[in-house]
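Just so we're clear, the structure is a prediction, and the values are computed from it rather than from any experiment. Proteins get letters first, then strands, A, B, ... in listed order; numbering begins at 1 in each.
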Amino acid sequence: MTYFPEEVVEHIFDFLATHRDRNTVSTVCKTWYRVERLSRRSVFVGNCYAVHPERVVARFPGLRSLTVKGKPHFADFNLIPHDWGGFSLPWIETAARGCPGLEELRLKRMVVSDESLELLARSFPNFKVLVLISCEGFSTDGLAAIATYCRVLRELDLQENEVEDRGPQWLSCFPDSCTSLVSLNFACLKGEVNAGSLERLVARCPNLRTLRLSRAVSIDTLSKILARAPHLVDLGTGSFTIDHRAEAYHKVMNNFIKCKSLRSLSGFWDAAPRCLPAVYPICGNLTGLNLSYAPAIQCADLIKLIHRCSKLQRLWILDCIGDKGLAVVANTCKELQELRVFPSDFYGGGIAAVTEEGLVAVSSGCPKLSSLLYFCNQMTNAALITVAKNCPHFTRFRLCILDPKKPDPVTNQPLDEGFGAIVQSCKDLRRLSLSGLLTDRVFLYIGMYAERLEMLSIAFAGDSDKGMVYVLNGCKNLRKLEIRDSPFGDAALLEDVGKYETMRSLWMSSCDVTLGGCKTLAAKMPGLNVEVINERDESDEMEESPSDLGRVEKMYVYRTVAGPRNDAPDFVWTL
Amino acid sequence: MEKDYKNKPDACPQLLDLIPKERDWMVRVSGGGGCGSGSKVSEERKLELRLGPPGGEEESSVLSLGYFSKASKTTNPCAGAKRGFLDTVESKTEDPHQQQSGFFQLHSRGGLGQELSQRTNRNVEQQPQQQSLERKACSSLPPVHAAPGRKAGANNTSQTRTTSPAVVGWPPIRSFRKNLASSSSKPTFQSQNGNSETRPKLENCRKGLFVKINMDGIPIGRKIDLKAYDGYEKLSSAVEELFQGLLSAQRDPSTAETQKDAEERKAFTGLLDGTGEYTLVYEDNEGDRMLVGDVPWDMFVSAVKRLRVLKSSDLSVLSLGAVCRKRTATEC
């Protein structure tokens with residue numbers, strides 16, 4: 001390859017689709033490293049503390065697209081204290097200095113301030129795509145800055161962020177000259193929306209294909225928007241409640257009929273059953289449907305809707321669909337690839353909405369099923385074994401039995417065999433979340449069979465250190481391991497300390513790991529940051545420094561070339 | 001513990017070394033990891049997975065040895081789950097070595113009420129109002145929880161290993177989803193229509209529904225408008241407000257002001273789940289006395305004829321039985 005001029009090498013690298021492949025070729029020789037880094041346009045940083053932003057920007061001056069992730073996954077469930085970290089400002093500042101050509105920024109679980117958004121908006125003249133997922137720390141003022149200064153903005157995608165509402169004027173900040181929007185998602189905003197501005201914006205953006213509205217947008221406004229933008233492909237409705245006015249209902253239905261390109265529907269905040277038929281005309285074209293924000297719609301109406309959605313590939317739904325409804329899904333949605341069933345009654349003890357029967361039905365009716373998130377009240381080994389047989393193509397399998405440590409209700413056994421069947425049958429499994437009563441045995445199976453597994457979530461499972469050791473030894477491709485409330489201690493943690501350098505991160509909370517164990521790990525592995533998170537009550541301030549024998553409540557370990565971080569709050573100790 | 005196969009320096013990356021390690025580990029497992037019995041072949045057969053319904057094969061490998069005793073501990077239905085929250089506190093002596101920071105972490109999280117409410121669940125259909133009422137009922141118990149220095153008994157993690165717990169971050173659901181059900185009945189913004197009238201709900205009849213409400217020990221009853229509330233939680237706080245003044249007048253006027261406040265507040269905790277000094281009951285359209293909170297809110301509103309705040313100790317044997325039955329019936 002050294003005979004090829006660099007342009008040719010660069011051209012060959014263009015065919016490398018994944019970050020991983022590009023990372024690999026850059027290690028071959030100095031020439032390749034140089035060619036690769038200068039031609040690299042897209043960088044993915046899985047852990048914002050694994051590397052300094054300066055280093056990324058220095059290495060890839062031609063950077064156009066940057067993706068950075070911050071907090072660990074369990075932050076979604078309030079397990080990470082609010083000010084733990086994950087600040088986006090250093091990244092934006094550094095990029096502003098070193099990569100003025102930046103066009104796309106995607107951040108997940110990071111703290112984004114209005115200041116950073118404004119800096120972002122002003123620093124990159126070619127900025128096109130902003131995606132914020134599960135972020136917090138900003139308000140609609142920051143969005144106003146983006147709208148005002150990003151002249152060629154194509155995508156503004158806000159997914160499940162915590163955004164402070166400072167008024168509806170941000171939407172009016174898009175200048176009249178802004179006609180480039182292709183995707184606009186502000187579904188997570190809670191405040192009022194200026195309907196007129198919204199309608200005018202939609203009207204002047206002929207390329208708009210994705211539009212996800214927030215709850216504040218009425219069905220009247222939706223109706224007008226549909227009339228202006230019948231070429232939408234992905235729509236998130238607003239509140240979707242209709243009062244008594246029949247003509248509003250018919251108007252919106254007629255406008256839906258015109259949307260021949262519509263393939264994905266979501267939203268339906270506050271939707272009542274009688275509103276649903278408005279979308280019947282386009283159901284036959286839908287490949288994606290998200291009704292998980294509409295608790296008022298019960299099984300019977302869900303079934304009527306789903307009967308019409310024969311092309312569905314992705315379905316997000318609440319568990320009020322019941323096993324009966326899932327049977328209908330199984331009969332109708334033969335193309336289904338992704339299913340998420342969310343709980344509507346969180347405190348257990350309710351009427352069992354979905355059980356193992358629903359899952360078995362879907363698995364037998366939908367052979368293409370590859371991604372599952374399923375909240376249920378119970379699961380049996382027999383069902384899991386059947387599901388494993390029916391659907392060997394799972395890449396993501398996340399099962400959450402609402403009652404922790406619940407065994408198979410029929411046999412009273414742990415669910416080791418069931419999950420074992422899943423990992424044995426699904427050779428491409430990349431992500432797995434366990435629940436129910438589980439012994440060390442399930443981890444033995446996981447270690448033995450789950451060769452492609454990259455992410456594993458464990459809660460209330462296992463009997464001894466052996467369980468964790470099986471996983472660490474067996475899963476060659478493991479990148480993220482998150483464990484809570486399981487009896488794994490120092491022995492397991494320290495069994496194979498080198499393993500953690502092959503992984504992105506390890507999270508352990510409410511386990512049996514002690515401070516001494518963490519210190520040992522930190523001492524042995526300077527290439528890791530071992531963070532101990534200890535939120536203390538006032539009464540504990542009297543204590544001397546805690547003993548090494550004391551159990552650590554939360555520990556987060558990750559590989560890094562950046563050393564211990566300098567923005568850690570008081571309650572985070574990097575050992 | 002299988003510690004003896006660490007035969008290389010710690011600092012090296014493990015990628016290549018996993019291969020020989022795997023072999024060692026496989027051999028060790030089939031060698032019986034401590035169980036020491038049986039031939040290699042029989043051990044492997046035990047570990048083989050069979051893709052079929054679970055047969056009657058004995059789970060005799062070492063890994064499952066400990067299982068049955070654990071199972072008996074964990075498969076108890078949540079008897080007394082209604083009281084489960086208080087059990088958390090009382091059982092502090094059982095798990096003295098548990099971390100206390102987990103408990104305090106629970107307390108410092110905003111979701112305190114939500115998590116705690118998982119303990120006082122009810123065996124009813126999913127009802128957003130139920131959830132919010134549970135939240136209210138439990139949030140009135142903070143004095144117990146907030147005591148500093150209290151050891152791990154109140155720590156939810158100690159409970160998670162044996163009973164149906166209220167645990168931080170469980171189930172693993174984003175907070176906004178937890179709030180969906182309770183907020184779905186709230187009216188949405190209708191700013192663009194410039195409507196100043198009350199935003200229409202789907203069931204839009206807004207005529208008032210006034211019912212009499214009496215309280216034990218207070219001679220004069222009151223009336224409340226049930227249409228003003230959208231759930232049990234609001235009803236409970238309204239009842240509390242209504243009778244608080246009257247109750248304090250009944251109590252010993254010589255007690256200190258602050259003491260009175262705390263007493264009043266305490267009197268109205270657990271109005272709806274039977275844990276407090278008073279319980280809210282109602283008379284339905286068939287003349288039967290029922291505990292408030294069993295049925296969906298809408299059904300309750302259509303059936304209720306009058307309300308009563310009873311001293312919990314005065315509940316008859318029958319009603320008490322119903323309360324207990326309801327508690328034990330909550331599914332784990």
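Of all non-hydrogen atoms in B:Trp170 and A:Cys400, the two that sit nearest each other are CZ2-SG, 3.8 Å. Taking every heavy atom of both residues into account, A:Asp512 and A:Pro487 meet most closely at OD2-CA, 3.5 Å.
When heavy atoms are compared at a cutoff of 4.5 Å, A:Phe74 does not approach chain B at all. Neither the backbone nor the side chain of A:Ser433 comes within less than 4.5 Å of any heavy atom in chain B. Proximity to chain B is absent for every atom of A:Glu162, based on heavy atoms less than 4.5 angstrom apart. Of the two parts of A:Ala459, only the side chain, counted from C-beta on, holds a non-hydrogen atom closer than 4.5 Å to a non-hydrogen atom of chain B. Neither the backbone nor the side chain of A:Ser457 comes within less than 4.5 Å of any heavy atom of chain B.
Between the side chains of B:Arg174 and A:Ser134, at least one donor-acceptor pair of N or O atoms lies under 3.5 Å.
With sequence neighbours excluded, the residues forming a side-chain hydrogen bond (donor to acceptor under 3.5 Å, both in side chains) with A:Thr514 are A:Asp490, listed by chain and number. For A:Phe342, the ring-ring contact (aromatic ring centres under 6.0 Å, His included) partners at least two apart in sequence or on another chain are A:Trp316.
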